[in-house]
Asker: 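Sharing a structure here in structure tokens format.
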Amino acid sequence: MSLIRPPRPSLDDLKPELVDLERRLFLRGSLSLGALTMLTGCNLVEGNAVDKALMAMSRWNDKAQAWLFDPNKLAQTYTKADITTPFPFNAFYREARAPVVDGATYKLEVSGLVADKRMWAIEDLRALPQESQITRHICVEGWSAVGEWSGVRFGTFLDRIGADRRARYVGFKCADGYYSSIDMATARHPQTILALDFGDDPLPRKYGYPMKLRVPTKLGFKNPKHIAALFVTNDNPGGYWEDKGYNWFSGS
Amino acid sequence: MSNDASSTSRKRRAIHPSIVRLTHWINAAAMVVMVMSGWQIYNASPIFPFKFPYTITLGGWLGGAIAWHFAAMWVLVVNLLFYLAYGLFSGHFRRDLLPITPAGVWHDVKAALAFRLPHALGHYNAVQRLLYAGVILLIILAVASGLSVWKPVQFQTLAWLMGGFDSARVVHFLAMAGIVGFFIVHILLVMIVPKTLPPMIIGGTVEDAEVTP
């Protein structure tokens, strides 16, 4: 019997496939319980009626959450002793596949309804006033972890680029192919920051080097990492998970 | 209305008023959706060393389960508020659920275990009162802890009362477990005393035997 075993595939390796499978099961799961509405004579052969109703409710929940959102209400802050170590890695790929971004040549692209579209290097972002926060990151899956992030208050950055204050959304495109978007009220919340540091060090690759959005008033998947470009718009840009069916607003 | 309710015959009253029947079934349907989708959400990051079998969950995946959970949430809460307002202002709670005394519950538990507890339609014994009032309180707890998990920043006072975000998840789970426990006992008792089922569906009246103090 050989003592050398072939490498076993880890769950992380299979995660993208599982996510895809789950997406397809979503429709099937809805169909089986959607049979309840057979009583009303709906045609559920394609499973569309139930999914459409659920997505309509999700859009209603976006509105309800925007209405509930208090721009002055701060997320609870913690002390260094509360920080979760190690802080969990989470993405739609495993840690080894996190993108490698060269900080020396990195330039953040800015576009959309803004006055100043010049690109931003890391040093340019570090030259702006920096803030720190120790807050709880809450994942849509239910787990949570406390971390410390520092960087530029996003409201300050939006002012610097002359963003249209009446615009509704800010969208983000990331170096790993991820994308997401948030509402303008949350973008201007005092605890929403373009984070450059995690703890006392520059953001490590696994947590989103060179820059991530830290939004303690939203679920973790609304905190995009490795941000390469951002844009201000009135058309909801959606997001990687949002377009698969997660609630778009997903506020805390 | 006919006037033949003379002084010799007693008044008749509903076993379950129509509002109670309506809110009961809306609550039952919404609760089934909440619990089954909740199990799927739980499975994404279990807080205890077990998961719920996939086949008894609703939604297919986390995103689908969340969509179900936060759709049925509105049905559950609006229905609950309507029922609570009715219960408080119509006298339903005062008349049908109260009082609940330890002595009364003890007496009726003993009688129930000896299969000597009478089950009069339109009148709740002390065990029933305790179970019904208890499950109403559990549903309120499930909503309060659920709001804490959903909005720990916007409802931070509520989340603080629940002991923080992680603790609110445990409270939410325990409230669910209590409700499911009630559900099992409730169904078993209806199977043992099946005459209680039709009045909750189609209604019906009983002679008002209540003695006015």
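Just so we're clear, the structure is a prediction, and the values are computed from it rather than from any experiment. Below, chain A is the first sequence line, B the second, and so on; all start at residue 1.
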Asker: In terms of heavy-atom proximity below 4.5 Å to chain B, should D70(A) be classed as side chain, backbone, both, or neither?
Answerer: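 Interface part for D70(A): both.
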
Asker: Given a strict heavy-atom distance threshold of 4.5 Å, which part of F70(B) is in contact with chain A: side chain, backbone, both, or neither?
Answerer: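 F70(B) touches chain A through backbone and side-chain heavy atoms alike.
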
Asker: Once the angle between the rings of W74(B) and W150(B) is folded into 0 to 90°, is it parallel (under 30°), tilted (30 to 60°) or perpendicular (over 60°)?
Answerer: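 Perpendicular.
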
Asker: At a heavy-atom separation under 4.5 Å, does S252(A) approach chain B through its side chain, its backbone, both, or neither?
Answerer: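 For S252(A), heavy atoms of backbone and side chain both lie under 4.5 Å from chain B.
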
Asker: Let me know if W160(B) has heavy atoms under 4.5 Å from chain A in its side chain, its backbone, both or neither.
Answerer: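 No part of W160(B) comes within 4.5 Å of chain A.
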
Asker: Any side-chain donor-acceptor pair under 3.5 Å between N236(A) and E242(A)?
Answerer: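 The answer is no; no qualifying pair exists.
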
Asker: If the threshold is 4.0 Å, N to carboxylate O, is there a salt bridge linking R188(A) and D159(A)?
Answerer: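 Yes, R188(A) and D159(A) are salt-bridged.
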
Asker: Can you tell me which residue among F221(A), W241(A), Y240(A), Y169(A) is in a ring-ring contact (aromatic ring centres under 6.0 Å, His included) with W248(A)?
Answerer: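 When ring-ring contact (aromatic ring centres under 6.0 Å, His included) is applied between W248(A) and each of F221(A), W241(A), Y240(A), Y169(A), only Y169(A) qualifies.
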
Asker: Report yes if the distance between the aromatic ring centroids of W143(A) and H137(A) is under 6.0 Å, otherwise no.
Answerer: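 Here the rings of H137(A) and W143(A) have centres that are less than 6.0 Å from each other.
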
Asker: Would you mind checking if K218(A) and D183(A) are paired as a salt bridge, meaning a charged N to carboxylate O distance below 4.0 Å?
Answerer: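 Looking at D183(A) and K218(A), the cut-off is met.
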
Asker: Does any heavy atom of chain A fall under 4.5 Å from the side chain of Q154(B), the backbone, both, or neither of them?
Answerer: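 Looking at Q154(B), backbone and side chain both touch chain A.
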
Asker: Name the region of A64(A), side chain, backbone, both or neither, that has any atom closer than 4.5 Å to a heavy atom of chain B.
Answerer: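 For A64(A), the contact with chain B is made by the side chain alone.
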
Asker: With a 4.5 angstrom heavy-atom cut-off, which part of Y42(B) approaches chain A: side chain, backbone, both or neither?
Answerer: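 Interface part for Y42(B): neither.
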
Asker: Go through the atoms of I138(A) and report whether side chain, backbone, both or neither lie under 4.5 Å from a heavy atom of chain B.
Answerer: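 Side chain only.
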
Asker: Let's go through F154(A) and F172(A) carefully: what are the C-alpha distance in whole Å and the side-chain angles of both, what is the deciding distance for ring pair (Phe, Tyr, Trp, His ring centres under 6.0 Å) to 0.1 Å, and is it a yes or a no?
Answerer: CA-CA 13 Å; F154(A) 195 39; F172(A) 303 89; 5.8 Å; yes

Asker: Based on non-hydrogen pairs under 4.5 Å, which of A29(B), P46(B), A44(B) is most in contact with chain A?
Answerer: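 Top option by heavy-atom pairs under 4.5 Å: A44(B).
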
